[in-house]
Amino acid sequence: MGLSGVPWLSLVIFGPLLGAIGIGLIPRDQKALLRNLAFFSSLGVFALSIPLVLLFDPARGDFQLTMQQFENVAWIPALGVRYQVGVDGISLFLIVLTTFLTPLCILSAYRAVEDRVKEYLIALLVLETGMLGALAALDVFLFYIFWEVMLIPMYLIIGVWGGPRRRYAAVKFFLYTMVGSVLMLVAILYVYSQGEVADFSVEHLWATAQGLGGRAQLWLFLAFALAFAIKVPLFPLHTWLPDAHVEAPTAGSVILAGVLLKMGTFGFVRYAMPMFPEALQVCAPYIALLALIGIIYGALVAWVQSDVKSLVAYSSVSHLGFVVLGLMALTPQGISGGTFLMLAHGVSTGGLFLCVGFLYERRHRRLIADFGGIARVVPVFSAIFLVIVLASAGLPGLSGFVGEFLVLIGASQSHSLHFGPVEYSFFGRVGPSVTSFLFAGLATLGVILAALYLLSMVRRMLFGPVVHEANTRISDASPRELAYLVPVVLAAFFLGIFPGFFTSRIEATTARLLEVIEGPGAWERTEEFLATVAEDRHSAAQPIANASDDRDQTGDFRVNAPGDRGPQGRWRELVQGNPGPMIERLAQGQGDQDLTGDLRRQVPSGVGGRSDLPEAFTGDRLAEGRLLARGSVDQARIEGLPVEVPR
């Protein structure tokens, strides 16, 4: 039968649930057996996830690894609900990240949790099933069920096994998440009701939502975006996160930072962005602005924290801001970098929480001032801790660098990150907009601040004199602790040294996402438009100054073309200026324009999919041509005729 004849995804999704059922059959006083069964169950699920990577075709951007006879079957036929699962280049590695972190979390809890061990392990495994199901679901109804399944176990993990303020933190987490979930459910049902057939499949709802009017798209997008922004969390909806992180047990913090927060950014990529492309074009710069504020705000607040766990929690607000900024840039580099940064953040921040848990088990303290000079006492742990901190700070060669670099490059080249109809370039005829450079430049402050607060924390905790007598009695990492810390270090190095292994499998999915949002060929236009403009510039439309003497130079002609064809295939024109004869050649340098009231302009193939674009004039009106076409490409100024592609 071979590897391809096995329903790997279903085995991965429901493997943890089977482990939880097995644990439920064991007496609660058999703590060692319970822990071992949970660990080996989760480790087996990680092993089952490896064939997903081996079978995945990097050249395809569509959903893969769906075994039709088992993983695409009717579940509730009357409603069009199916059990349908599959992966693309983005969900693939998030699934592997989930299966990688869960056994490490269980192993770290062998000594940290002594009360209600059986229930704790069941909650962790059920939570894993919910996360894996949400990442693999290709039916929106199925996705929502798994989305809600994640909520209950995490609420219990924080509320039952958390710190002194665990109930407050758990209720706050539950209320925030539930509000977003209810709004998303209303939006899902509305889109479903607009379809011609009863079908909850992802691609069907994509097509249905794209066919809605602009105002409907905007409100529906906001409902989805709010649910996902809370989960990220995006500033100013982040206030539940520090409380949840600080009060949760170590394993809960690792899962929360490593996987659950990525459900928000994943939700943007899988649902909000491709379903509502027109609303996305309107909202992208504002969401990116909130992400930018979160980057700087989270870093500054982390810098002044005295509790190391709070510091790591606020660092997540800052790092996830980079992810959202990359996604909202709507460029290949930005989306690929944001996706890569999801993985890098899961590894590095998950590792930081494991290290904090290591110290808390020994000192039952989390204040940075309670440590100092412990590198002399626990050198092995200190070396591991330092590597993970450097990975989080974005040191080249470790996991954090590549993702942040790609996000900054993608943001600087974006034409989505502006707040008006026209954006001008810093660099003459060809170049990104001023606002895009401002976004990228200000986001760079987050990288600098991350190095400051992380290295400051390391200096105060690991180096200098041993200032507390209790620190001299701290024991170094045991074999069990090395078993869950060393894999994190290896993963950080692997992500940093071999990023191409991941980006090569993400790129095709990114290209497909851009095509869904902006029309076919968006990826190619992004990569090739600069070369096309350079070749066509001198043979393209001549500036108005070269035309008739009595041409008026004060007019302004704008055409806003949404991508290659636009989500609704609309072309909008705004014509103004004084009458006057006009002579202008086609954009490809062929033929003449009609000097009557109508102008037919040929659009270069690199700019859009239509070969010609009709525009109407009242009389002979045109002074200065300006063509704006949406697409993920750079803007170009062709002699006196700027051609700008802001999206």
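Since the structure is predicted, the reported quantities are computational estimates derived from the model, not experimental observations.
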Identify, with sequence neighbours excluded, every residue that meets side-chain hydrogen bond (donor to acceptor under 3.5 Å, both in side chains) alongside S10.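 Testing S10 for side-chain hydrogen bond (donor to acceptor under 3.5 Å, both in side chains), a comparison that skips the adjacent residues, returns E71, Y83.
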Residue list, side-chain hydrogen bond (donor to acceptor under 3.5 Å, both in side chains) with D88, at least two apart or on another chain: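 If we apply the side-chain hydrogen bond (donor to acceptor under 3.5 Å, both in side chains) test to D88, skipping adjacent residues, the hits are S91, R270.
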For [X] and [Y], indicate whether the former's side chain and the latter's backbone hold a donor-acceptor pair under 3.5 Å.
X	Y	value
K231	L260	no
W240	F174	no
R35	Y110	yes
Y192	L79	yes
Y120	V113	no
K262	A257	yes

Donor-acceptor contacts, no H, no angles, side chain residues 394-411, under 3.5 Å, sequence neighbours left out:
none

L37: partners by side chain to side chain contact (heavy atoms under 4.5 Å, CB included), with sequence neighbours left out: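 Partners of L37 by the side chain to side chain contact (heavy atoms under 4.5 Å, CB included) criterion, ordered by chain and then number, come out as I23, I26, S41.
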Do the side chains of E203 and R82 get close enough for a salt bridge, i.e. N-O under 4.0 angstrom?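 No salt bridge links E203 with R82.
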Give the ring-plane orientation class for F228 versus F224, where under 30° counts as parallel, over 60° as perpendicular and anything between as tilted.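 If you compare the ring of F228 with that of F224, the planes turn out tilted.
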Geometric class of the F502/F494 ring pair [parallel <30°, tilted 30-60°, perpendicular >60°]: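 Aromatic pair F494/F502 classed perpendicular.
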Between H245 and F353, does the ring-ring contact (aromatic ring centres under 6.0 Å, His included) criterion hold? Intermediate values first, please. CA-CA 9 Å; H245 268 314; F353 279 118; 4.5 Å; yes
Between side-chain atoms of residues 127-135 and protein atoms elsewhere (two or more places apart, or another chain), which donor-acceptor pairs fall under 3.5 Å?
| unit_1 | atom_1 | unit_2 | atom_2 | d |
| --- | --- | --- | --- | --- |
| T129 | OG1 | I13 | O | 3.0 |
| T129 | OG1 | L17 | N | 3.1 |

May I ask you to check whether T349 and H319 show a side-chain donor-acceptor distance below 3.5 Å?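 Side chains of T349 and H319: no pair found under 3.5 Å.
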Listed once per pair and sorted, the ring pair (Phe, Tyr, Trp, His ring centres under 6.0 Å) pairs that draw on residues 122-144, sequence neighbours left out: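 Ring pair (Phe, Tyr, Trp, His ring centres under 6.0 Å) check on residues 122-144 returns F141-F200, F143-W147, F143-Y271.
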